[in-house]
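Down below is the structure, laid out as structure tokens.
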Amino acid sequence: MKIWVDADACPVVIKEILFRAAQRTKIEVTLVANQSVQIPRSRHINFIHVAQGFDVADNEIVKRLKAGDLVITSDIPLAADVIEKKGVALSPRGEMYTADNIKARLNMRDFMESLRSSGVDTGGPAAMSQGDRKTFANHLDKLLTRNAV
């Protein structure tokens, strides 16, 4: 298993959790972004810089993804593509995207997008909480433990 990170919008605290996990487990973590991202020097942590543009980083992740790989993203269409390719998708808030819940999440995303485009202020996501970090770390640990077996 490899871990791919949609790094443009991934919170720093989540990247730090992933960096520690890469060192501890020796699993390869690759961050993909269209802007420079600072990563620690490690043979287990990589960065791919892609061109600017809509979904360029997402497309690069999908192109390189293998079945069983883990993708960290809050991008629901990317998560749907990951699931379609038999990968595992986890949000930075610790939500597991699954074949059972991804269609409902896509529908909600599209609904909220239509509200915003018609001028409704839907607000943004809540700030990341300590509980979100803990949920993410717990799901990550379970996935890494399962992979080690």
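Of all the heavy atoms in Ile45 and Pro40, the pair that sits closest is CD1-CG, 3.7 Å. Pairing each heavy atom of Asp8 with each of Ala57, the nearest pair is OD2-CB, 4.0 Å. Taking each heavy atom of Asp75 and Asp6 in turn, the nearest pair found is CB-OD2, 3.8 Å. For the residue pair Ser74 and Pro92, the shortest heavy atom distance occurs at N-CD, 3.8 Å. Shown here for Phe136 and Ser91, the closest heavy-atom pair between the two residues is CD1-O, 3.3 Å. For Leu140 against Ala21, the heavy-atom pair with the smallest separation is CD2-CB, 4.0 Å.
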Evaluation steps, side chain to side chain contact (heavy atoms under 4.5 Å, CB included), between Val5 and Phe47: CA-CA 9 Å; Val5 183; Phe47 172 65; over 6 Å; no
Does the side chain to side chain contact (heavy atoms under 4.5 Å, CB included) test come out yes or no for Thr135 and Glu95, once each step is laid out? CA-CA 8 Å; Thr135 301; Glu95 290 180 89; over 6 Å; no
Let me see the working for Ile14 and Arg93 under side chain to side chain contact (heavy atoms under 4.5 Å, CB included), right down to the final yes or no. CA-CA 9 Å; Ile14 298 304; Arg93 293 181 182 268; over 6 Å; no
Go through Tyr97 and Val71 one step at a time and tell me if the side chain to side chain contact (heavy atoms under 4.5 Å, CB included) criterion holds. CA-CA 10 Å; Tyr97 299 109; Val71 176; over 6 Å; no
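In the hydrophobic clustering of this structure, Ile17 groups with Leu144; members are Ile, Leu, Val, Met, Phe, Trp, Tyr whose side-chain heavy atoms approach within less than 4.5 Å, directly or through other members. The same ILVMFWY cluster, assembled from side-chain heavy atoms under 4.5 Å apart, contains both Val88 and Ile72. In the hydrophobic clustering of this structure, Ile39 groups with Leu18; members are Ile, Leu, Val, Met, Phe, Trp, Tyr whose side-chain heavy atoms approach within less than 4.5 Å, directly or through other members. Put simply, Ile27 and Leu143 are part of the same group of oily side chains (I, L, V, M, F, W, Y) that touch within less than 4.5 Å, one to the next. Both Leu90 and Met128 sit in one connected hydrophobic cluster of ILVMFWY residues. Membership requires side-chain heavy atoms under 4.5 Å apart, directly or through other members.
Residues Lys15 and Val37 have side chains in contact (heavy-atom distance under 4.5 Å, counting atoms from C-beta outward).
Interatomic distance, CG of Asn59 versus CG of Asp81, reported as 8.0 Å (0.5 Å rounding). Atoms OG1 and CD1, on Thr25 and Ile3 in that order, are 6.0 Å from each other to the nearest 0.5 Å. How far NZ of Lys103 is from CD1 of Ile83: 9.5 Å, rounded to the nearest 0.5 Å. Separation of atoms NZ (Lys63) and NZ (Lys85) is listed at 10.0 Å; rounding is to 0.5 Å.
In summary, of the residues considered (Leu65, Leu31, Val62), a side chain to side chain contact (heavy atoms under 4.5 Å, CB included) with Trp4 occurs for Leu65 alone.
Under the 3.5 Å distance criterion, with hydrogens and angles disregarded, a donor-acceptor pair is assigned to the side chains of Arg133 and Gln130.
Listed for the Asp132 side chain is a donor-acceptor partner under 3.5 Å among the backbone atoms of Ser129. Panel note: side chain Asn46, backbone Glu28; no donor-acceptor pair is recorded below 3.5 Å. Side-chain atoms of His44 do not come within 3.5 Å of backbone N or O of Ala22 as any donor-acceptor pair. In terms of modelled atom types and a separation under 3.5 Å, the side chain of Asp69 and the main chain of Lys2 share a donor-acceptor contact.
Within a 6.0 Å sphere centred on CD of Gln35, other residues, nucleotides and ligands contribute more than 12 heavy atoms.
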